[in-house]
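No experiment lies behind these values; they were computed from the predicted model shown. Each chain gets a letter, A, B and so on, in the order its sequence line appears, and its residues count up from 1.
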Amino acid sequence: MYKKVRGFRDIFGDEIYYWNFIEKIIYDLSRRYGYSEYKIPVLEKAEVFNRGIGSTTDIVEKEMFIFKDKNDDFLALRPEGTAGMVRGFVENKLYAISGVKKYFYYGPMFRRERPQKGRYRQFYQFGVEAFGSASPVLDSEVIKLLTDFFKECKIEDKLKLEINSIGCPECRPLYKDKLTEYFETSKDELCEDCRRRLNTNPMRILDCKIESCKAIAEKAPVMINYLCRECAQHFESVKTNLSNMNVSFEVNPHMVRGLDYYVRTAFEMVTDEFEANSTVGAGGRYDGLVKQLGGPDQPGIGFAVGIDRLVGLMESKDVIPQYHLDIFFVLPDGLLDEGVKIINNIREKGYSVDMDFDLGSVKSQMKKANRFKAKFALIFGQNELDKKSVTIKDMDKGNQELVPFSRLMEKLSIKLDK
RNA sequence: GUGGGUGUAGCUCAGCUCGGUAGAGCGCUGGAUUGUGGCUCCAGUGGUCGCGGGUUCAAAUCCCGUCACUCACCCCA
């Protein structure tokens with residue numbers, strides 16, 4: 001028997017209704033905020049991600065599906081959406097359009113990590129990107145879109161918005177020096193990982209889950225106290241605008257970003273439902289990225305939501321209306337040809353109809369009607385044919401009535417149209 | 001890449017310590033109800049015990065190896 005490859009999965013059955021529900025929200029809500037869909041290729045030259053994400057990040061260093069093409073190009077399955085989006089933005093010269101350019105994407109991403117709860121090698125992200133404005137009002141609008149999204153998914157009560165400012169290339173280096181200096185003094189008390197982080201990425205220590213490190217990080221200097229004047233003003237404005245839109249948030253000065261391209265505003269939607277992998281959506285500003293990938297110096301901001309994790313959250317809460325088949329068609333005798341005509345007529349009116357092609361006993365067909373959660377069973381046997389009628393049985397109430405062909409559609413409309 | 005846990009029926013799992021006929025619940029099929037579902041009762045169907053090797057008269061059970069899944073770390077959505 002063939003098995004799926006590690007970290008990949010099939011999505012079907014009850015779970016797929018959650019996906020369809022979410023997908024509708026993605027398309028409707030994005031449009032409402034003025035974003036148009038952008039379909040990014042799944043495959044890019046590996047260089048796009050090296051440049052865009054940062055060649056020293058874990059994503060690029062050890063998590064990309066990368067291979068050599070027949071013409072010796074190195075290609076990679078996209079591990080995230082932003083780098084490819086920006087490549088397209090530059091390649092198609094979309095920067096030439098005046099004003100803010102807003103796009104959203106939705107699709108699978110690929111990272112070669114060890115799978116665990118809420119983490120797969122193929123996972124789906126919905127993300128938005130807005131280019132061309134450095135206004136903090138845009139930051140707050142993007143964040144509002146994110147919180148609206150979870151609200152429509154009916155799980156906002158399971159999530160908390162955290163925001164932070166991680167400074168800019170002007171003020172962050174100074175802060176990093178201060179931070180490194182601080183941690184150096186208590187280096188011996190840090191865990192092994194954190195001693196390594198001290199050299200590679202000291203800001204990560206703020207994020208460590210080990211109690212002893214937490215205690216040290218607690219008193220560490222925080223970025224928001226070292227912001228340059230512009231960054232500080234920007235952050236204040238974002239917070240004010242969020243409050244004006246009634247968005248509740250928490251400033252988490254220990255929030256960090258793994259990807260090099262982020263500046264200033266960083267935000268996350270986190271849950272405490274999962275043991276690990278508690279971030280369901282995250283984003284931030286990336287003002288230098290467009291230039292980094294060969295375009296003009298246009299600012300940008302965006303977020304990405306992990307749909308697999310979102311579905312995982314929603315499944316523990318009964319938020320999706322169950323799917324009910326309108327009609328299950330029961331044919332006890334050899335009246336298949338006649339029955340199919342009726343079924344076809346009903347489908348063309350827009351109702352959902354199914355039947356059992358094995359045509360077992362009426363009893364077994366009724367059982368199937370029940371299993372499909374049909375609202376009505378239509379029974380069509382010799383008795384009905386003789387009277388040019390169909391029996392309509394209400395599966396909830398249990399009552400039934402004989403309806404002549406000529407009045408069938410009218411009857412269904414009364415019963416099924418809300 | 002590192003560490004822990006688990007692989008037995010379609011699904012959830014018991015049995016393994018202390019070797020001796022492979023089990024339960026749910027599901028599925030049929031019947032009680034010959035043209036009527038859900039509830040109940042009855043019967044039936046269903047497994048190379050992950051795979052390979054070893055020990056033994058005898059292995060789901062003990063030993064070795066291997067693969068898979070899973071949770072966690074690193075990191076991330």
Side-chain angles (χ1 to χ4, degrees), chain A residues 1-9 13 53 56-64 78-82 106-127 146 159 191-194 196-197 200-201 204 207-210 256-259 267-271 274-284 302-313 328 330-333 335 356 358-385 391-400 402:
Chain A
M1 186 172 61
Y2 291 110
K3 303 186 76 174
K4 53 191 162 314
V5 328
R6 166 175 288 174
F8 288 68
R9 66 190 186 120
I53 301 169
T56 60
T57 58
D58 274 18
I59 291 180
V60 168
E61 271 189 342
K62 52 184 205 189
E63 293 172 3
M64 279 209 293
R78 61 185 188 192
E80 54 103 60
T82 304
Y106 168 66
M109 306 296 164
F110 305 85
R111 289 182 202 172
R112 205 180 177 294
E113 304 172 277
R114 277 295 271 280
Q116 65 188 71
K117 194 175 184 64
R119 158 179 288 169
Y120 308 97
R121 288 184 171 187
Q122 174 175 333
F123 59 102
Y124 290 75
Q125 285 190 332
F126 155 53
L146 181 65
L159 292 164
C191 70
E192 198 183 324
D193 281 329
C194 284
R196 178 177 49 78
R197 289 176 179 128
T200 55
N201 190 353
R204 275 267 162 233
D207 212 24
C208 187
K209 287 166 192 160
I210 301 198
V256 294
R257 277 286 97 105
L259 280 45
F267 51 96
E268 284 183 17
M269 295 296 290
V270 295
T271 176
F274 298 146
E275 292 293 320
N277 304 322
S278 57
T279 303
V280 182
F303 67 69
V305 175
I307 303 300
D308 307 72
R309 286 181 186 178
L310 173 57
V311 170
L313 261 188
F328 192 88
V330 176
L331 288 145
D333 305 311
L335 300 175
D356 179 16
D358 289 338
L359 298 183
S361 65
V362 171
K363 186 190 175 79
S364 74
Q365 291 189 57
M366 287 302 293
K367 273 187 170 179
K368 276 169 184 138
N370 195 53
R371 207 180 309 145
F372 278 110
K373 300 187 178 77
K375 294 170 191 154
F376 295 94
L378 258 57
I379 302 166
F380 180 63
Q382 194 60 49
N383 292 347
E384 283 79 4
L385 181 62
T391 297
I392 301 180
K393 175 160 186 171
D394 187 312
M395 295 298 283
D396 274 338
K397 298 188 181 117
N399 57 357
Q400 63 185 51
L402 194 64

Original post:
Under the side chain to side chain contact (heavy atoms under 4.5 Å, CB included) criterion, do A:R114 and A:R119 qualify, and how do the steps go?
Top reply: CA-CA 8 Å; A:R114 277 295 271 280; A:R119 158 179 288 169; over 6 Å; no
Between [options], which nucleotide has the shortest distance from any of its atoms to the side chain of [X]?
X      : options                : result
A:E384 : B:rG37, B:rG35, B:rC75 : B:rG35
A:Q116 : B:rG37, B:rG35, B:rC74 : B:rC74
A:E113 : B:rG3, B:rC75, B:rA32  : B:rC75
A:R6   : B:rG37, B:rA68, B:rA77 : B:rA68
A:R309 : B:rA77, B:rC74, B:rG37 : B:rA77
A:K363 : B:rU36, B:rG35, B:rC74 : B:rU36

Original post:
So which one's nearest nucleotide on RNA chain B is more toward 5', A:D308 or A:A374?
Top reply: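 Residue closer to the 5' terminus by nearest nucleotide: A:A374.
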Original post:
Could you go step by step and tell me if A:R111 and A:F123 meet the side chain to side chain contact (heavy atoms under 4.5 Å, CB included) rule?
Top reply: CA-CA 8 Å; A:R111 289 182 202 172; A:F123 59 102; 3.6 Å; yes
Under 4.0 Å from OP1 or OP2 of [N]: is there any side-chain N or O of [X] that close?
X      : N      : result
A:K62  : B:rG1  : no
A:R114 : B:rC75 : no
A:R371 : B:rG27 : no

Original post:
Between A:K4 (NZ) and B:rC67 (P), how many Å, whole number?
Top reply: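 Taking atom P of B:rC67 as the reference, NZ of A:K4 is at 19 Å.
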Subject >> Counter-base of B:rG10, judged by Watson-Crick or G-U geometry with both distances under 3.5 Å >> reply: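 In the structure as shown, B:rG10 has B:rC26 as its Watson-Crick or wobble partner.
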**OP:** Using both distances under 3.5 Å as the test, list the Watson-Crick or G-U wobble partner of B:rU70, or none.
**Re:**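 Paired with B:rG4.
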**OP:** Can you tell me, in whole Å, how much space there is between the P of B:rU61 and that of B:rU6?
**Re:**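 It works out to 15 Å between them.
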Original post:
What integer number of Å spans the P atoms of B:rU55 and B:rC64?
Top reply: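 To the nearest whole Å, 15 Å.
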Under 3.5 Å donor-acceptor pair, [X] side-chain atoms to [N] base atoms:
X      : N      : answer
A:N370 : B:rG38 : no
A:K393 : B:rU36 : yes
A:Q365 : B:rU36 : no
A:K368 : B:rG37 : no

Original post:
Within a reach of under 6.0 Å around CZ of A:R9, are more than 12 heavy atoms found that belong to other residues, nucleotides or ligands?
Top reply: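 Yes, CZ of A:R9 has more than 12 neighbouring heavy atoms, counting only those of other groups under 6.0 Å.
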Checking all strands, does [X] fall into the base, sugar-phosphate, or nothing category for heavy-atom contacts under 4.0 angstrom?
X      : value
A:A282 : sugar-phosphate
A:F372 : nothing
A:D396 : base
A:R112 : nothing
A:V305 : nothing
A:G127 : nothing

Original post:
Which is it for A:T279 and A:E268 under the side chain to side chain donor-acceptor pair (under 3.5 Å) test, yes or no, and what are the steps along the way?
Top reply: CA-CA 7 Å; A:T279 303; A:E268 284 183 17; 3.3 Å; yes
